[in-house]
Amino acid sequence: MELKKEKFIASLLGGAIGDALGYVVEFLQLEDIKSKFGKNGITDLVINIQKGKALISDDTQMTLFTADGLMWAYHRTSQRGIGSYAGSGTYQSYLRWYYTQTKKMPTKNEMIWLTKQSHEEKTSILDYHDLFSNRAPGNTCLEALRSGEMGTIEQPLNYSKGCGGVMRVAPVGLFLHKEPQYAFKIGAELATITHGHPTGYLSAGVFAMIIAEIINGKTILESVKTAIGVLKTYSNHEETISALELAIDLSNKDLKPEIAISYLGEGWIAEEALAISIYCALIESDFKKSLAISVNHSGDSDSTGSICGNILGAYYGLDVIPLEWIEQIELKELIMNMGNRLYNMLNT
Ligand SMILES: [Mg+2]
């Protein structure tokens, strides 16, 4: 397989695996995780008995809808010669996600987005019924989409910097990797559809750009530093920069990871989720160990696992992901298919 295509797929699979690993312990304190899974915490996927798979959560669901939305917007904009990634597909695809969670659309008019669209070849993302499962969907995302309005940087819907904006934008970095600064801008715009605080959407811009730079061959640290450089050109960047610089700083210290992570926060908010994920990707190059560190803390384990997994997959590729984990992950086929299609749309 072409190396870049493999990395697209590995980034999405890595994110889904980190998400699944963390979802089991999302609402547990570190001491409870240890008493349940042993002194090293959770280190392996937990198989859900009904589904026979390791369950993904809203982080992966929304990542998949971001991928769907980007392809939708790309296709529509190429046909019409006008449009935007946010307004010509991704917002509509997030409404599709909203429908999977609530069986409703903000008004009847939006029901049209549930029909198969021109960017969808044989199957639609909505043909995958397992995507309709409720996995602790974020309230900010649900509320924002329920409003029937699309949030933008100029007209935000709220002042939230929850990590729901950042955790879903890895596909932006993959799809727009040839233009990393543009990936930053689009990552931020897609996050503001639901999250209006500058730190909420700037963290998403940084994350999308890091993924893009990794795909272009930079190291993880170089990618983070390059994205920080671009972040500085946006207003209201201070909080995000502090979190990222602390992550780099801590990665150079000989500290127990669980202590270092406690300095970075809990990950419920965007800059903390991103900083924890980057710290874990920087200090450990073993895929399994790095992901385990990223979820064993008292905060938003599935989001930090998901972001960290997206980074590790994009950097190390498919070879480092244990085959049994790939086999165990829920919606494996759709996840791999989305990576393939994102790549193919750019290269055909
Ligand atoms: Mg989740």
Side-chain angles (χ1 to χ4, degrees), residues 11-30 32-33 41-42 45-48 51 53-68 93-94 96-102 125 128 130-145 160-171 190-191 193-195 200 203-204 207 261 265-277 280 291-313 325 328-332 334-335 338:
S11 180
L12 297 185
L13 272 177
I17 289 168
D19 179 23
L21 195 63
Y23 181 52
V24 178
V25 298
E26 180 179 11
F27 301 111
L28 296 184
Q29 295 296 305
L30 183 59
D32 302 324
I33 298 175
I42 185 167
L45 291 177
V46 174
I47 305 300
N48 174 274
K51 296 266 183 187
K53 294 282 173 189
L55 304 185
I56 56 160
S57 83
D58 58 336
D59 305 63
T60 303
Q61 292 172 346
M62 294 198 81
T63 299
L64 294 169
F65 281 97
T66 300
D68 178 57
S93 199
Y94 288 164
R96 286 177 154 191
W97 172 79
Y98 176 79
Y99 182 82
T100 66
Q101 301 300 296
T102 62
I125 188 170
Y128 291 81
D130 286 338
L131 265 185
F132 287 64
S133 313
N134 272 171
R135 302 284 163 71
N139 267 327
T140 306
C141 290
L142 291 172
E143 291 291 329
L145 295 167
S160 172
K161 59 166 181 166
C163 69
V166 59
M167 55 64 159
R168 63 184 191 231
V169 300
L190 299 196
I193 292 175
T194 56
H195 287 69
S203 298
F207 179 39
I261 290 175
E266 296 201 317
W268 300 107
I269 47 179
E271 78 278 26
E272 292 182 4
L274 183 62
I276 293 171
S277 309
C280 298
L291 267 198
I293 296 167
S294 79
V295 302
N296 281 293
H297 57 78
S298 301
D300 193 353
S301 301
D302 56 340
S303 297
T304 51
S306 171
I307 296 170
C308 183
N310 289 141
I311 293 174
L312 298 173
W325 278 8
Q328 287 166 344
I329 201 76
E330 184 184 31
L331 287 163
K332 172 194 85 173
L334 172 63
I335 295 163
M338 279 297 184

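For ligands, and for the atoms within them, numbers begin at 1 and follow the listed sequence.
Salt bridge D130/K51: present, at least one basic N to carboxylate O contact under 4.0 Å.
Ring planes of F27 and W268: parallel class, angle under 30° (limits at 30 and 60°).
For the side-chain contact (heavy atoms from CB on, under 4.5 Å) with V46, the qualifying choice from V25, V24, L21 is V24, the only one to do so.
The Mg ion (ligand 1) is the vertex of the angle joining OD2 of D302 and OD1 of D59, which measures 100° to the nearest 10°.
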Chi angles and distances behind the side-chain contact (heavy atoms from CB on, under 4.5 Å) call for C163, D300: CA-CA 9 Å; C163 69; D300 193 353; 3.1 Å; yes
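Of all N/O/S atoms in D58, OD1 sits nearest the Mg ion (ligand 1).
Metal site remark for the Mg ion (ligand 1): Y23 contributes no N, O or S atom at a distance under 2.8 Å.
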